[in-house]
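Worksheet for the structure shown next.
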Amino acid sequence: MVTIETSPGDTGQRRPRPASRRAWGIVVLLFLFFTLNFADKAAIGLASHQIRDNLGITAGQYGLLSSAFFWLFAVGAVALTAVLRKMGLPRLWLTPDL
């Protein structure tokens, strides 16, 4: 049997290491990227009435048009990421996903 000596008051639990400044910087950048990404997509929805009026389309047609835009955006981001990976640009392949 192995005995481990501890100091008085030591509960035997390790204290979590405080997060580094770099880790918190990454968290802040991710938060900003996700916020901008959401705002970009939400702006199109907020402008839907003006877009429909200017193009003279119905709500159903606008729904199809906006769905096509977002599906094309998603497929294009994945395709561009694959192309950049094949080109050997390891750091740039994240940019379409942001």
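None of the values given here were measured: they were computed from a predicted structure.
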- Apart from L46 itself, its cluster of hydrophobic side chains linked below 4.5 Å comprises none
- Members sharing L36's hydrophobic cluster (side chains within less than 4.5 Å): none
- Measuring from R52:CZ to N54:CG, what's the distance to the nearest 0.5 Å? 11.5 Å
Using a 3.5 Å cut-off and no angle test, enumerate the donor-acceptor pairs between side-chain atoms of residues 65-79 and protein atoms at least two apart in sequence or in another chain.
| residue | atom | partner | partner atom | Å |
| --- | --- | --- | --- | --- |
| S66 | OG | Y62 | O | 3.1 |
| S66 | OG | G63 | O | 3.2 |
| S67 | OG | G63 | O | 2.8 |

- Item | Partner of T35 by side chain to side chain contact (heavy atoms under 4.5 Å, CB included), out of F31, F38, F33 | F31
